[in-house]
Structures are given as structure tokens and as C-alpha cells.
Amino acid sequence: MPPTAGQPATSVDDRPHGPTSPTPPPPRPGPRKFGEGAVSGAAVMTAAKVVGAVVAFSALAILARLLPPEDYGLVAMVTSVTAFFVVFSDFGLALVTIQRPNLSREQLSTLFWLNLGFGLLLFAATVGLAPLLVWFYGDPRLFWITAATACVFPLGAVGVQHQAMLKRDMKFRRLAVARIVGTTAAAVAAVAAALLGAKWWSVVIQDVAIAGVTSAACIVAYPWRPGPPRRCEGLGGLVRFGGALTGHGMLGYFGNNMDNILIGRFCGVAELGLYSRSYALMMRPISFAGYGVGETAIPAMSRVAYDPAALRASFRRMFSLCALLGLPICACGAFWTDDVVLTIFGPKWTAATPMLRVLFIAAAARMLSASTGWIYVATGRPGRMLLWQAMWTPVALAAFLAGLPWGGFGVASAYAIALWATLLPAFWYCLRGTSVSLRDAITPTLRPLLCAVAAAAAGLLLSDGLLSMSLAGPLRLIVRVAVGGVVYVAATVLFVPLGRESLRYLLARFGRT
């Protein structure tokens, strides 16, 4: 029987708080103040993601014109497999640091060394995997691509706990700057390499650079030095919590990456290149809204998890923000796909348009379902999170196999159907035993969804009336963004409470400057 909201769970995997004390943490500021702090942090992280997205899209637009789809497909053959190792890169210990209300210096130092050890172990495992990938795909170029990609793991591991502590202490401005520095440095390095004729190595360089530079920037932003590794009190509970999160991620790998492996093996490198770039673009709204808002939602909700009313209020507020930010991107991507492809990728990528349109429809469901992870982690129930992933993964694999005969478009279509069909069951299963109801997940979504569809449709119809159909591409996309943006802002201010509140907040901040 699941624990009631606000009470500690009795199972080992589902302890909501630190191992040293079963009592709730000390009184915290009221939910309103916490909510304002979380939304303010989300605003900072959102602004950072906007800047990062502009940099990433600019680099992608340049690289897509310098590199053919086959180069992206070649790297995707490696990354779709090594993504399995990414699951183990921090062993869930970053979320442990964020969720636990009390951590000693010895525990934090030990978590750092554990992360670094996992990073070095994964580096060795990835290099050892290189010959197997060469045999599986029949392409000797994959050996050195795999070996170079392996550097991501130790470089990223060095900064895992520094990033976690920045989130735990809600120092989101420092974290935002660190990530912008990493994204920008990686983009510059990748474009420079492509201009020098590095071909597919440009994509590899970008992945390695973003891991290394971001870690270095986070260490500068949070100048904490770990002590020597040692066995300390409560370490077993921390590792068990992280282990359940890692088990969830391990199963999630098969639900999120087998599509790339199957397409690369049975449909060829060109089709995989089109699909992998479309999938990466689809992940933007999910990363921007679902995971981006989650970075502030999880620490905020973790600190009020013992208070049912505050937990419910915090979830509604952050979920409404998630829908408000992410749904317009998904809707506009689905309505304006032709111009998105021509603007970002260029004319030689037009074959990606059908699959990208379907993936944007899938992105809305996946972005909304990402918020279930906030509840699982904040209430300390990684075991339940793992069980849901064990039920979802076979559904995703069946969808990939069902759509495979029709290539990337078929896989994308089946994936979208599976995500939308399981969305309400995912929320129902997650929210059982908490103070948050299914209505709390549905109500904040409806108005932003209607506003997003109205804005996307307005941009589609009005731009076609203002411009010639021959002007497809950047110019028409700019007009659509302008029209759709005005309609969306006006609609959300009129019909969405958080939209009005956000406008008042921005006007107040502007008035103080």
C-alpha cells in the first residue's frame, strides 16, 4: 500500500528524505514564497535555454549546410548505442544531492568520487565497445568515432556534483551562465572544425566540447573542492536511491534509443541521419519546458514534499509553466514544419519534413509526461518510477517495430500514437498516493493547448495571406513567428492566469530597471 502524501515511505527504495532522520525537515518558507522562487528560477533557466537554443540552432543551421545527412547518421550509429552508458554516467547521484534535505560534506565528497569513478569506468567500456560496433554496422570508421565519444563520460562526471549543488542551492543564474558558456564554446568548435573539412568529426567535437567546457564552467561557478573518498554514514541509502533512478534510466534507454538502432541497421545511414536530426529537434521543446522547468521544480517540490497542500500548489504552478512554454513550440513545429526544415536544415533535408511533423506531435505528450518524474523524485519514490518505466518500455519497443517497415516516418508515427495513448495512465499511476490529483495535471494544460493551437493556426493562415507561397523558408517562418507570437501572448494574457501573472512580473521587473 503506497504511503499517504507527506508521510515517509517504508520501503528501502522509496524513502523521501535523508537516511539520518525519519522526521520531516525543518519548517520552510510558505508555499507562495517557494512557488515564486521556483518560478523565478525557472524564468532564469528558460532565458538561458532560449540563448542556448539560439546558439545551438545557429550551429545546426550552419553544420546542416556543411555536412550531409550521412555524416550525422554515422555519428548517430555510435551515440544511439553509447546512450545506454549515459544512463550510468551519474548513477542517479545528482538527483540524490538535489532531493535530500541534509547531506554532510563527507557524503557529498564521496558522491563526487563515485561519479568520477563511474565516468572513468564508462570511458573504458565505451572504448571496448568500438570493435563490436564496427562489426554490427560493417563500417570501420566507427572505431575511432566511438573512442573519441567515450571522452564525454569522464569530462562530464567531473562537474556532475557541482551542477547538482547549484540546483540544490537554487543558484540558477550561475548554472545558466555555465551552460551558455559550454553550449557556445561547443558550437564554435564544431563550426570551425566543419569549415576546416573535419566532416563527421565536427559533430563528435561538439559533443565532447560541451561536456568538458560545461563541467569546467560549473566548477568555477560553484568553487567547492571535494575531500578524500571515504565510507560514510547513510551512503548505502543514497546509492540505493540513485540505483533505482539508474534502473529507470536503463529501461528508458530502450524506450528512447532503439528506434535509432533499428533504423540504422535496417533502413541505412541516410535515413538514420534524417531521423536522428529530426528527433534531436523534437527534443528541444522537451528539454526547454519539460526538463528545463523540472530543474527548478524538483528542488522546490522536494522541500515541500512533507506538506500535501504545498506540494499540490507547487506542482500546479510549475506544470502550468511547463505547458505554457512547451506547447506553443510543439504546435508551431507541427503546423510550420516545412519552413522549420528549410530554415534550420536547408533544402537537401526536405525528406525529413513528414517525420519531423509527427515527432513534434509526439513531443507534446512526452514533454507533459516528463513532469511525472518531478513527483516521483520529490516524494522519494524512485521504485515506483522504475516500475512504470518497466511497463512503458515494451510498449515503445512494440511501436518501433510496428512502424519500422515504413522507415523513419513509420517509426515516428507509431511512437507518437504510443505516447499519447499512455499519457493519462502515466499520470494516474504516478499521482496515486499523493495530494496531487489527475485534475491538477489536466486543468493547467487545456488553456495553454488551445492558445498554442490558435497561435500556430493564425501564423499559418495569416502568413499565407501576406506572403507568396514561393517564399517558403526563413522569411515566411519569421512572419509566422511574429504573427503567432502576438496571438499567443494575447491569448495567454487573456485566458491563462499564469500568463497574466508572468506579464505583471515582467512589467514590474522592467519598471525597476
Side-chain angles (χ1 to χ4, degrees), residues 37-60 86 89-99 103 105 108-109 111-116 118-119 122 149 151-192 204-226 280 283-300 302 318 321 325 370 377:
V39 171
S40 176
V44 172
M45 295 306 295
T46 298
K49 284 186 175 292
V50 169
V51 175
V54 170
V55 173
F57 281 142
S58 300
L60 182 60
V86 173
S89 58
D90 70 355
F91 202 71
L93 300 180
L95 283 176
V96 170
T97 300
I98 295 168
Q99 192 266 348
L103 278 176
R105 180 176 178 84
L108 188 58
S109 296
L111 293 178
F112 171 86
W113 292 111
L114 284 173
N115 279 136
L116 183 57
F118 284 128
L122 294 175
T149 302
C151 297
V152 167
F153 295 112
L155 290 174
V158 173
V160 165
Q161 287 301 319
H162 293 79
Q163 287 201 54
M165 290 302 294
L166 286 169
K167 295 176 188 178
R168 177 189 173 91
D169 294 349
M170 293 193 172
K171 298 182 182 297
F172 294 114
R173 286 183 176 82
R174 296 186 187 182
L175 179 59
V177 172
R179 289 187 174 174
I180 291 173
V181 169
T183 301
T184 304
V188 171
V191 171
V204 177
I205 288 171
Q206 186 174 25
D207 292 340
V208 175
I210 197 169
V213 177
T214 302
S215 286
C218 286
I219 292 172
V220 172
Y222 199 93
W224 164 77
R225 296 178 62 183
M283 287 299 298
R284 292 296 176 182
I286 299 170
S287 174
F288 176 67
Y291 301 146
V293 174
E295 288 187 305
T296 54
I298 290 175
S302 295
M318 301 309 292
L321 180 62
L325 293 174
V377 175

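A pairwise comparison of heavy atoms in Val158 and Phe112 identifies O-CE1, 3.3 Å as the closest pair. Contact detail for Ala187 and Gln206: the closest heavy-atom pair is CA-NE2, 4.1 Å. The heavy-atom pair separating Gly119 from Phe153 by the smallest distance is O-CB, 3.5 Å. The heavy-atom pair separating Ile205 from Ala189 by the smallest distance is CG2-CB, 3.9 Å. In this structure, Val152 and Asp207 approach most closely via the heavy-atom pair CG2-O, 3.8 Å. Nearest heavy-atom pair across Pro154 and Leu116 is O-CD1, 4.4 Å.
Counting only heavy atoms from C-beta outward, the side chains of Tyr222 and Lys171 approach each other to under 4.5 Å. For the pair Lys167 and Ile298, the minimum side-chain heavy-atom distance is 4.5 Å or more.
The distance from atom CZ of Arg225 to atom NE2 of His162, rounded to the nearest 0.5 Å, is 10.0 Å. Between atom SG of residue Cys218 and atom CZ of residue Arg174 there is a gap of 11.5 Å, rounded to the nearest 0.5 Å. Here OG1 of Thr184 is found 9.0 Å from CD1 of Ile210. Values are rounded to the nearest 0.5 Å. Atom CD1 of Ile180 is separated from atom CG of Leu175 by 10.0 Å, given to the nearest 0.5 angstrom. The structure places CG of Leu166 at 11.0 Å from CD of Gln161, a figure rounded to the nearest 0.5 Å.
Formation of a donor-acceptor pair under 3.5 Å by the Thr214 side chain with backbone atoms of Ala211 is not found in this model. Under a 3.5 Å cut-off, the side chain of Ser215 and the backbone N or O of Leu155 do form a donor-acceptor pair.
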